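Notes for the one structure printed next.
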There are 2 protein chains.
Amino acid sequence: MSGVRAQQKEKTRRLLVEAALNQLSAERSFSSLSLREVAKEAGLAPTSFYRHFTDMNELGLTLVDEAGLTLRQLMRQARQRIAKGGSVIQISVETFMELIESNGNVFRLLLRERSGTSSAFRAAVIREIRYFTMELCDYLQQANDLDSEVAYMQANAAVTIVFSAGSDALDMEDSAERQQLSKQTIQQLRFIARGAAELSDRRKLSRRSRK
Amino acid sequence: MSGVRAQQKEKTRRLLVEAALNQLSAERSFSSLSLREVAKEAGLAPTSFYRHFTDMNELGLTLVDEAGLTLRQLMRQARQRIAKGGSVIQISVETFMELIESNGNVFRLLLRERSGTSSAFRAAVIREIRYFTMELCDYLQQANDLDSEVAYMQANAAVTIVFSAGSDALDMEDSAERQQLSKQTIQQLRFIARGAAELSDRRKLSRRSRK
DNA sequence: TATAATAGCGTACACGTGTACGCTTAAATT
DNA sequence: AATTTAAGCGTACACGTGTACGCTATTATA
């Protein structure tokens, strides 16, 4: 079992995955991709597709996993940069925007198929985003000593804002425009952080006075 | 020119529009609808479709206009309720959620096709949302005496949050769950309002001291 | 009243789709 | 060395798609 065969198989499987990702663009969503198109882009006969996935749906779920991986990579990268000091919000947004620039198509998948057509698909995307939100929630709760419910609301709002900005950024070619968007997003996150901190403080006070 | 003919035409045109709207659901986006499906749902022969629209694309733009109308209706309704007193944010969110419950498919169109496949389509949706944002921006600026840039950032963030919540609400069957979502959304908007008010105040102070 | 315009239909076509089936060829197993 | 396994291909099929074309029936115009 030298595995030269399994190795080849993995290789062309990658080919399919990459082919699907490459076909994504502003005008082309995953759900509008056909099995034959993907196979052709990968240089395979349509029927060979089935040796790797039963379905376009299954390929899609694989892509979502890939996207989740990228998202976790994003978090790691941001944490490293934050450890070196600087504004947490600014660093996070800038890291996110960088990753969108280099992995555009992966994010297109998450952003577009979130309210897409297939229910299994939507569920998978939503799960990845929820995971991302929860991580952020934990961080906020610990770092800023927030009420847990407040931390969740803040994390949820922040993720919504950032992902929406990311979606907008994907359709921008001008880099100055992107920078402007980054700046605005950072400010909006600060709004949210400010409001969350205040509510958390108020809740702490009312809890203390009740005792 | 009694117009009985033009009247009939308008009537079946409506039939097509309604047919398209009725076919929208969690599993069915507009871009996945075929001309033949819509025609069949309307009780027409496929080729009769062309007597009213050149394209599915053109039908789509008509639907977006319809959605814009609904959006403006929302604003009017909210303003009326606000005039009677109460929390502006709470009333706005609740009005929005009501309209989503009664006009689900119209909103599905806006929320899903925002990053959809056709560029003319995306542009139209984005335009409607921008118009909505601008209206809110004017209101905020005037009612809360905000810096204009700050007002825009607040309006933009608020619309993002509310539309995202609306999108989530569309996939909920449980009404208690929806209520919980409303509550959370209201709180998130308050975060943003708080942060915006503070920044606006700070800017005013720095402007005054500079003079 | 005679003529023109037009909403709606049925037929027909070329095209892209998913996928069933059997074959080949090379790796894996015995 | 003989046999089994399986990746990839080509052919073939039924189906749904958009739409061109000509016809009919009814309303609008002259």
Side-chain angles (χ1 to χ4, degrees), chain A residues 1-25 27-63 112-113 116-121, chain B residues 1-25 27-63 112-113 116-121:
Chain A
M1 52 166 167
S2 75
V4 40
R5 184 167 221 153
Q7 206 171 323
Q8 253 306 325
K9 180 164 189 182
E10 188 52 33
K11 205 169 151 191
T12 75
R13 191 189 139 104
R14 263 334 279 174
L15 235 53
L16 281 170
V17 170
E18 300 290 340
L21 271 179
N22 284 339
Q23 309 233 35
L24 296 182
S25 74
E27 347 290 318
R28 219 81 172 70
S29 74
F30 178 80
S31 34
S32 80
L33 249 52
S34 77
L35 186 153
R36 286 173 109 106
E37 281 175 313
V38 174
K40 180 182 247 181
E41 172 85 7
L44 288 187
T47 48
S48 300
F49 182 96
Y50 296 108
R51 302 294 185 191
H52 303 273
F53 304 97
T54 70
D55 228 24
M56 276 296 283
N57 227 314
E58 195 176 301
L59 208 199
L61 293 180
T62 302
L63 289 188
R112 196 161 289 168
E113 240 66 29
T117 211
S118 148
S119 94
F121 220 77
Chain B
M1 52 165 169
S2 75
V4 40
R5 184 165 221 156
Q7 205 172 323
Q8 252 306 324
K9 181 164 189 182
E10 187 54 33
K11 205 168 150 192
T12 74
R13 191 189 138 104
R14 267 326 288 171
L15 234 54
L16 280 170
V17 170
E18 299 290 341
L21 271 179
N22 284 339
Q23 307 234 37
L24 295 183
S25 74
E27 349 288 318
R28 218 80 172 71
S29 74
F30 177 80
S31 33
S32 80
L33 249 52
S34 79
L35 185 154
R36 286 173 110 107
E37 280 175 315
V38 174
K40 179 182 246 180
E41 171 85 9
L44 289 187
T47 50
S48 299
F49 182 96
Y50 297 106
R51 302 294 184 192
H52 304 273
F53 304 97
T54 71
D55 231 21
M56 276 296 283
N57 227 314
E58 195 175 300
L59 208 200
L61 294 180
T62 303
L63 288 188
R112 196 161 290 170
E113 240 66 29
T117 210
S118 147
S119 94
F121 220 78

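Each chain gets a letter, A, B and so on, in the order its sequence line appears, and its residues count up from 1. What you are looking at is a predicted structure, and each value in this text was computed from that prediction instead of being measured.
Contacts of B:Ser34 with the nucleic acid, taken as non-hydrogen atoms under 4.0 Å apart, involve only primed sugar atoms and P, OP1 or OP2. Within 4.0 Å of B:Glu37, counting heavy atoms only, lie sugar-phosphate atoms of the nucleic acid but no base atom.
Closest non-hydrogen pair, A:Leu63 versus A:Ala20, comes out as CD1-CB, 4.0 Å. When every heavy atom of B:Tyr50 is checked against every heavy atom of B:Leu35, the shortest pair comes out as OH-CD1, 3.5 Å.
To the nearest angstrom, C1' of C:dT17 lies 16 Å from CG of A:Asn57. Distance, B:Lys9 NZ to D:dT27 C1': 13 Å, rounded to whole Å. Taking atom CZ on A:Phe53 and atom P on C:dT19, their separation rounds to 15 Å, with Å as the unit. Distance A:Arg51 CZ to C:dA27 P: 17 Å, rounded to the nearest Å. Rounded to an integer number of Å, the gap from CG of A:Leu35 to P of D:dC15 is 19 Å. Per the geometry, OH belonging to A:Tyr50 stands 4 Å off C1' belonging to C:dT19, to the nearest Å. Rounded to an integer number of Å, the gap from CZ of A:Phe49 to P of D:dC9 is 14 Å. Protein atom NZ of A:Lys40 is 18 Å distant from nucleotide atom C1' of C:dT19, rounded to whole Å.
Side chains of A:Glu113 and A:Ser31: a donor on one and an acceptor on the other come within 3.5 Å.
When each of A:Arg36 and A:Ser48 is assigned the nucleotide of DNA chain D with its nearest heavy atom, A:Ser48 is the one assigned upstream, toward the 5' end. Sequence order on DNA chain D of the closest nucleotides to B:Ala6 and B:Leu33 puts B:Leu33 first from the 5' end. Of the two residues contacting DNA chain C, namely B:Leu44 and A:Asp55, the nearest-nucleotide position lying further toward the 5' end is that of B:Leu44.
Not counting sequence neighbours, the partners of A:Glu18 by the salt bridge (charged side-chain N to carboxylate O under 4.0 Å, His left out) test are A:Arg14.
With hydrogens and angles ignored, the 3.5 Å screen pairs a side-chain donor or acceptor of B:Glu37 with a backbone N or O of B:Ser34.
The phosphate of C:dG18 has neither OP1 nor OP2 within less than 4.0 Å of any side-chain N or O from A:Thr47.
Comparing C:dT19, C:dA7, C:dA26 against the side chain of A:Arg5 picks out C:dA26 as the nearest.
End-to-end axis angle of the helix from C:dT1-D:dA30 to C:dT30-D:dA1, using five pairs per end and rounding to 10°, comes to 10°.
The only option from B:Gln23, B:Met56, B:Arg112 that meets the side chain to side chain contact (heavy atoms under 4.5 Å, CB included) definition with B:Phe30 turns out to be B:Met56. When each of B:Thr12, B:Val38, B:Thr62 is tested with B:Val17 by the rule side chain to side chain contact (heavy atoms under 4.5 Å, CB included), just one qualifies, namely B:Thr62.
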